[in-house]
Amino acid sequence: MSTFDPAAATAAYLAQLPPEVHAKATAYTQGGHWLLLWGFVVSLVIALIIVRLGVLDRISGSLQKSKPRPWLTTLMCVIVFTIVDWVLELPWSIYADWWRETQYGLSSQDFVGWFDESAKGLGIGIIASAIFLSLLYALIRWTKGMWWLWAGGLTAAFLLFAIVLSPVLIEPIFNKYTPAPPGPVRDAVVAMAKANGVPSDKIFIYNGSKQSNRYTANVSGLFGSARVAMSDTMFKKDADLAEVRGVVGHEMGHYVHQHSLWLTGSLSLLAIFAYWLANLLFMPAARLMGARHVDGIADPTGLPVLMVVIGLVMLLATPVRNTIIRTVEADADSFSLQRVNEPDGLAKALVKTIEYRAATPGKLEEFIFYDHPSVSSRVRKAMDWKAAHMKDAAPSPAGR
Ligand SMILES: [Zn+2]
């Protein structure tokens, strides 16, 4: 009988990457924390510019001349704001989403490819915000002081709608999904899907390496639209079967435990809180930002102010949102370990994610900023599980 030390095994996994790779990952991750703050500052400055130039006042003014048509005024304000905001924010987006990722070697996408996707994102954003914000303002007009509660229901409906339709409507716009080719990887994933009640007829590979070198897979959709999708990066970095099983087991955990429903519920509750606070803070914020013509939260020319207030509340709620997500991520790891029994496969895959999510954050940093548990704690959990189940471990079918 050998003695297995989970702490030493965890340290050995982390030591697979040289210190300079860990240092670079820490710089990338901690810089990313600051981007949250700077991103908010950028959106605040842009909102101030739009408010001070009176962009939306002019639209509203010319539309209201004949007779008040709140639907049309809201729709036009939303569309113009979305476009102007996108254009003014472009230099920041280029820096944060493209240049920085390229500098850290996390993306090899060229600028034209990135810009093309960003423009498609604008198109989707216009449609989504036109629908969502038109309905939100209608709720504000109809339900008066209680709109924030109704808006929580609207948010839940919108999130569910997006989850169900995204694999069908949105994801194919950005990536090419092809059925996984026959072979040992597909066989392993199909067997796992059958064993865990996941639809096994929809196993896809997508060209995720186009946007990023991240090692990742997902199970997205709900009910009939659910499917397993693996980024081609999982194959490029010569994944072995234990690794594929460990990762796909994690993703199937999200599906089987219906994490998307759980997240929709808890994030909608968080949204209700954000809307409630926004309702209180809107008029003081409008005065501070110099939006003099705005006569109440129902006035769509106050949209830039509303966005700033909700953005600020959500920025401050970062630890809450991350803790909600981190909780289901930890649960998905547990599912993978219990059902698939590949602690080393999971650990090996986790080491590859360190480059974009530093492995050993401080406890407070992890609590505030990490939407997944840190790799050091995830690998340690896998090694603890391995230690506890060594006696009854079945021989791995991975053939390693
Ligand atoms: Zn996950």
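Values in this document were obtained by computation on a predicted structure and should not be read as measured data. Remember, it's 1-based here, ligands and their atoms both numbered in the order they're listed. Side chains included, hydrogens not; waters and symmetry mates left out as well; all remaining heavy atoms used. The chain is numbered in sequence order, starting from 1.
Side chain to side chain, Glu329 and His250 meet the donor-acceptor criterion of an N or O pair below 3.5 Å. Checked by atom type, the side-chain pair Tyr356/Ser212 shows no donor-acceptor distance below 3.5 Å. Looking at Asn341 and His389, their side chains never bring a donor and an acceptor atom within 3.5 Å of each other. Between the side chains of Trp114 and Asp97, no donor-acceptor pair of N or O atoms lies under 3.5 Å. Ser129 and Thr82 share a side-chain donor-acceptor pair at under 3.5 Å.
Within the protein, the N, O or S atoms lying under 2.8 Å from the Zn ion (ligand 1) are His250 NE2, His254 NE2, Glu329 OE1.
Using a distance-only test at 3.5 Å, with no hydrogens or angles considered, no donor-acceptor pair links the side chain of Ser60 to the main chain of Asp57.
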